[in-house]
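Report on the following structure.
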Amino acid sequence: MPFSPSLPTILKLSQHNSWRKQLAEGFGDIESLCRHLDIAAGELPVIPNGKSFPLKVPLSFVECMEKGNPNDPLLRQILPVQKELFDAPGFVADPVGDMAAVAEAGILHKYQGRALLVLTGACAINCRYCFRRNFPYSEVQLTPQRQTKALAYLNSRTDISEVILSGGDPLLINDEKFATLIQQLDQIPHLKRIRIHSRLPVVLPARITPGLLSCLQHSQKQIVVVIHANHARELSRPVEQACRELKQHGATLLNQSVLLREVNDSAEALCQLNERLFAIGVLPYYLHLLDKAAGTAHFNVDEQTARLLMEQIKTRLPGYLVPKLVREIAGAPNKLTLC
Ligand SMILES: *Cc1c(COP(=O)(O)O)cnc(C)c1O
Ligand code: SF4
């Protein structure tokens, strides 16, 4: 008998394929990206297409960039430039000391009550400022063995009330795997919350599929989704729609950003970002000082400037739209809140 899928199945398949397809069709070379943006690649101080941490960006994110502007704050986040090759004192391979722990167990238990699960090493986008640039850790995969181990650990530790799904990008795993994991977490009585840290609602909003939404809605636990946007212009209509859907399906939405030189290091840019976040139903959570990963020094905003910016935005925004300025210190019992 020929395979004749029902209409809902067809819809599900096409939506599923659509984000996978968009992911596969993202830009991977500088020439074609520049052509798309009407920018002369020859005039930019780029690093030619290389193998380690290459250019990678989905079309949906590129569509938010301004054509013809080589200084676009979104373009800066993803364009490989020669400044990355300069050595800078204090900028090291693994600034937060995470890698050893991650690679071994797939679970990071640094802070009281919260355990972080590394679901995959993959991301939909390569952000130049990310500490992950030095660890394209594709060997970190959610193997059944790893998952069994992680679940056993979570079950045994009754002091853990929140599981954080992270990566890479945890929403890059498919709906079926994701649903299985959520169901398994649902079985752990002492867990109260499942928190998902993902950049996909922003850079690939098509990932927020009906299948994923229904899985979140049916979870027994409270769901928190922490998105990652650095600039108001990243928050397009499709991103707004994705956030609306997440919210309608019961998720609490927060945002974390990284303070980045010549991307969002002005009071104006930060105010616009936080206003726009609220407009789409998201509350600001953290504004991170840059983790000092090798190759990212040109993004650094020093602490004094950061504090000054915070003072400025505090005078202009309601208190609930001011994120906490934080820095991660290896070995500390929590992220350090500066103001
Ligand atoms: C950031 C982080 C958390 C969460 O910290 P919050 O301050 O609760 O957002 C948990 N575990 C690890 C390993 C982290 O890096
Ligand atoms: S982990 Fe987040 S910041 Fe780093 S490359 Fe992936 S999406 Fe970008």
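Just follow the structure's listing: the first ligand is 1, and inside any ligand the first atom is 1. Since we're looking at a predicted model, the values are computed, not measured.
- Here the closest heavy-atom approach between residue Gln77 and residue Glu234 is recorded as NE2-OE2, 2.9 Å.
- Atom CD of Gln248 has more than 12 neighbouring heavy atoms from other residues, nucleotides or ligands inside a 6.0 Å radius.
- More than 12 heavy atoms of other shown residues, nucleotides or ligands fall within 6.0 angstrom of atom NZ in Lys56.
- The protein heavy-atom contact nearest to atom 8 (O) of ligand 1 is Arg114 NH1, 2.6 Å.
- At the shortest separation from atom 4 (C) of ligand 1 among protein heavy atoms lies Ile164 CD1, 3.6 Å.
- In this structure, Leu259 and Ala306 approach most closely via the heavy-atom pair CD2-CB, 3.5 Å.
- The 12-atom threshold is exceeded at NZ of Lys110, counting heavy atoms of other residues, nucleotides or ligands nearer than 6.0 Å.
- The shortest N or O to N or O distance between Lys335 and ligand 1 is below 3.5 Å.
- Counting all heavy atoms, side chain and backbone alike, Cys215 lies closest to Phe178 at SG-CD2, 3.9 Å.
- At the shortest separation from atom 11 (N) of ligand 1 among protein heavy atoms lies Tyr111 CD1, 3.6 Å.
- Pairing each heavy atom of Ile173 with each of Arg20, the nearest pair is C-NH2, 4.2 Å.
- Remark: minimum distance from atom 9 (O) of ligand 1 to any protein heavy atom is reached at Tyr285 OH, 2.7 Å.
- In terms of protein heavy-atom proximity, atom 12 (C) of ligand 1 is closest to Leu116 CD1, 3.6 Å.
- Taking all atoms of both residues into account, the shortest heavy-atom contact from Leu171 to Pro201 is CD1-CD, 4.5 Å.
- Contacts between Glu162 and ligand 1, counted as non-hydrogen atom pairs separated by less than 4.0 Å, are absent for every part of the residue.
- Ligand 1 lies less than 4.0 angstrom from a heavy atom belonging to Arg195.
- At a cut-off of 2.8 Å, measuring from atom 4 (Fe) of ligand 2, the protein N, O or S atoms that fall short of it are Cys130 SG, waters left aside.
- Considering every non-hydrogen atom in both Arg114 and His109, the closest pair reads O-CD2, 3.2 Å.
- Checked by atom type and distance alone, the side chain of Asp291 never pairs as donor or acceptor with a backbone atom of Ala293 at under 3.5 Å.
- Environment of NZ in Lys324: sparse, with no more than 12 heavy atoms of neighbouring residues, nucleotides or ligands closer than 6.0 Å.
- Neither the backbone nor the side chain of Asn334 comes within contact range of ligand 1; no heavy atom lies under 4.0 Å.
- Listed by chain and number, the residues in a side-chain contact (heavy atoms from CB on, under 4.5 Å) with His249 are Leu213, Gln217, Glu245 (sequence neighbours excluded).
- Considering backbone and side-chain atoms alike, Tyr286 places an N or O below 3.5 Å from some N or O of ligand 1.
- Atoms of ligand 2 lying under 4.0 Å from at least one heavy atom of His228, given by number and element, are 3 (S).
- Of the heavy atoms in Glu328, only side-chain atoms (C-beta onward) come closer than 4.0 Å to ligand 1.
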